[in-house]
Number of protein chains: 2
Amino acid sequence: MAPHAHPTDPSDMPLGPRQRALLAVLQAADAELSGQELHERLKQASQRHGLATVYRNLRLLQRSGLVRCRKLTNGESVYAPLERDDHHLTCVSCGHSEPLPICPVATGGLGLTKVLLQGFKPLFHTFEIHGLCRSCQQSEPLAHG
Amino acid sequence: MAPHAHPTDPSDMPLGPRQRALLAVLQAADAELSGQELHERLKQASQRHGLATVYRNLRLLQRSGLVRCRKLTNGESVYAPLERDDHHLTCVSCGHSEPLPICPVATGGLGLTKVLLQGFKPLFHTFEIHGLCRSCQQSEPLAHG
DNA sequence: CCGTATGCTGAGAATGGTTCTCGTTTTAGC
DNA sequence: GCTAAAACGAGAACCATTCTCAGCATACGG
């Protein structure tokens with residue numbers, strides 16, 4: 001299967017200028033960015049976007065299959081371009097989360113050796129597939145949750 | 001590899017009665033429970049626990065490797081006993097999340113056929129290993145985030 | 001070219017799950 | 001029974017996110 005089907009089909013969404021700006025910042029970033037950070041960076045780039053707009057467009061980008069999102073233990077959501085296929089090691093105690101350079105789905109099994117874990121003591125893992133459920137594929141992308 | 005190493009070693013934590021009650025409710029439940037639901041169920045079982053206590057003990061149980069936690073898109077955290085190895089299909093549009101009876105880690109690759117997805121259109125997946133980082137293994141379980 | 005409908009925007013308020021505060025209660029040790 | 005330490009819990013505080021709604025931009029009809 002193709003894990004990252006090109007999103008050129010969702011609903012022929014043309015991507016507004018604000019959304020392109022958002023995507024550009026995410027692509028330029030070397031790490032996942034939170035909504036607040038994104039808002040901050042746009043402000044610094046003299047691209048004033050309201051916070052509401054940032055979140056709104058982030059949601060649309062997500063539905064268009066261009067952006068992925070993950071929730072940190074502190075409640076913040078962090079975003080990255082879809083093509084970045086990062087996975088993580090997250091501490092249930094301090095919440096620290098660091099990238100894990102292995103994708104068990106892509107590698108077809110796992111090459112998680114003790115070497116990679118480097119002292120990290122795994123307790124459990126979460127695997128989730130995010131996408132569009134059948135009914136949301138039919139409804140307009142404007143429908144709110 | 002053993003995906004679910006028995007957690008009988010963490011730090012010889014004896015588990016207080018409140019924690020046992022919490023764990024019992026989770027084990028009796030047929031699905032993941034949020035902190036609020038857990039609080040509610042304990043109240044109904046005439047096990048008055050303050051909400052703060054519920055969350056406090058939930059965190060401790062998590063650090064002891066007895067409980068797993070996952071954040072829904074609406075910000076709620078839901079909990080389940082560690083031994084339950086459920087994974088999910090989550091809609092980025094409506095937030096609906098349903099169990100996915102396949103674990104790509106356990107199956108060593110994936111058996112995600114279109115049949116299983118049943119019309120769900122996958123956009124991206126998240127894989128995360130939760131555990132204790134090196135420094136948190138050394139520090140007391142009481143340390144806060 | 002102007003008027004109107006539609007949708008996007010953003011400042012600020014509202015929301016709501018989770019965490020913190022801190023006085024009270026329980027437990028452990030003597 | 002008495003004191004110290006730990007756990008508890010009611011309510012306040014927190015804070016990322018979402019909602020509200022008036023103002024602005026764009027598209028289209030006349």
Side-chain angles (χ1 to χ4, degrees), chain A residues 11-23 32-64 67 69-79 90 92-95 97 139-145, chain B residues 11-23 32-43 45-64 67 69-79 90 92-95 97 140-145:
Chain A
S11 330
D12 53 44
M13 194 175 176
L15 271 207
R18 298 287 210 301
Q19 288 170 32
R20 271 197 301 278
L22 224 41
L23 195 51
E32 298 164 297
L33 258 35
S34 70
Q36 311 273 351
E37 286 168 335
L38 226 19
H39 178 233
E40 199 54 42
R41 295 206 182 186
L42 284 165
K43 194 186 299 174
Q44 289 173 4
S46 56
Q47 286 263 10
R48 285 284 248 58
H49 290 208
L51 199 47
T53 300
V54 170
Y55 283 112
R56 235 188 321 249
N57 286 323
L58 236 18
R59 218 179 330 170
L60 292 175
L61 284 170
Q62 215 180 148
R63 290 181 195 175
S64 303
V67 162
C69 170
R70 172 171 80 100
K71 274 187 151 30
L72 302 182
T73 57
N74 67 7
E76 276 187 330
S77 293
V78 289
Y79 303 83
T90 298
V92 297
S93 187
C94 65
S97 189
S139 65
E140 289 302 299
L142 300 172
H144 286 184
Chain B
S11 330
D12 54 43
M13 196 174 174
L15 273 207
R18 297 287 212 299
Q19 290 172 31
R20 270 197 300 278
L22 224 41
L23 195 52
E32 298 165 296
L33 259 34
S34 70
Q36 311 273 351
E37 286 168 334
L38 224 19
H39 178 232
E40 199 54 42
R41 296 207 183 186
L42 284 165
K43 194 186 299 174
S46 56
Q47 286 264 10
R48 284 283 248 59
H49 290 207
L51 199 47
T53 300
V54 169
Y55 283 112
R56 233 185 326 245
N57 286 323
L58 236 17
R59 218 180 329 174
L60 292 175
L61 283 171
Q62 215 180 148
R63 290 181 196 173
S64 304
V67 162
C69 169
R70 172 172 80 101
K71 274 188 151 29
L72 302 182
T73 57
N74 67 6
E76 276 187 329
S77 295
V78 288
Y79 302 84
T90 298
V92 298
S93 187
C94 65
S97 190
E140 290 302 300
L142 300 171
H144 287 183

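So that the names make sense, note that chain A is the first sequence line, chain B the second, and so on, each numbered from 1.
- Comparing B/T73 and B/H49 by the nucleotide of DNA chain D whose heavy atom lies nearest to each, the residue mapping closer to the 5' end is B/H49.
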Please list each protein N or O that sits under 3.5 Å from an N or O in nucleotides 13-17 of chain D, with the distance.
from   : atom 1 : to    : atom 2 : distance (Å)
D/dT17 : OP1    : A/S77 : N      : 2.6
D/dT17 : OP1    : A/S77 : OG     : 3.2
D/dT17 : OP2    : A/Y55 : OH     : 2.1
D/dT17 : O5'    : A/Y55 : OH     : 3.4

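- Separating the CG atom of A/L72 from the P atom of C/dT19 is a distance of 14 Å, rounded to the nearest angstrom.
- Going from atom NE2 of B/H39 over to atom P of D/dG11 covers 11 Å, rounded to whole Å.
- To the nearest 0.5 angstrom, A/L58 atom CG is 12.0 Å from A/H39 atom NE2.
- The end-to-end axis angle of the helix from C/dC1-D/dG30 to C/dC30-D/dG1, rounded to 10 degrees and based on five pairs per end, is 20°.
- Taking the side chain as every heavy atom from C-beta outward, B/R48 and B/K43 approach each other to under 4.5 Å.
- The phosphate of C/dC8 has neither OP1 nor OP2 within less than 4.0 Å of any side-chain N or O from A/N57.
- Looking at every heavy atom in both residues, A/S97 comes nearest to A/T90 through OG-OG1, 2.9 Å.
- Contact between A/S34 and A/Y79 at its shortest, heavy atoms only, is C-CD1, 4.4 Å.
- Residues A/L51 and A/Q36 form a side-chain contact, since some pair of their non-hydrogen atoms from C-beta on lies under 4.5 Å apart.
- Separation of atoms OG (A/S77) and CZ (A/R59) is listed at 11.0 Å; rounding is to 0.5 Å.
- The CZ atom of B/R18 sits 12 Å away from the C1' atom of D/dA6 (whole-angstrom rounding).
- As a whole-Å value, the separation of B/E40 CD from C/dG16 P is 16 Å.
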Problem - Reading 5' to 3' through nucleotides 20-28 of chain D, protein heavy-atom contacts under 4.0 Å coded B for base, S for sugar-phosphate only, - for none - result: ---------
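- Here the P atom of nucleotide C/dT9 and the CG atom of A/L58 are 13 Å apart, to the nearest Å.
- Considering only heavy atoms from C-beta on, B/L72 stays 4.5 Å or farther from A/K71 through its side chain.
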Practice task
Kindly determine whether A/L22 and A/V67 satisfy side chain to side chain contact (heavy atoms under 4.5 Å, CB included), including the steps that lead there.
Solution key: CA-CA 10 Å; A/L22 224 41; A/V67 162; over 6 Å; no
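- Contact annotation: the side chain of B/L23 never approaches that of B/N57 to less than 4.5 Å [non-hydrogen atoms, C-beta and beyond].
- The side chain of B/R59 contributes no N or O atom lying less than 4.0 Å from OP1 or OP2 of C/dT18.
- Expressed to the nearest 0.5 Å, how far NE2 of A/H49 lies from CZ of A/R56 amounts to 11.5 Å.
- Between B/L61 and B/L15 there is a side-chain heavy-atom pair separated by less than 4.5 Å.
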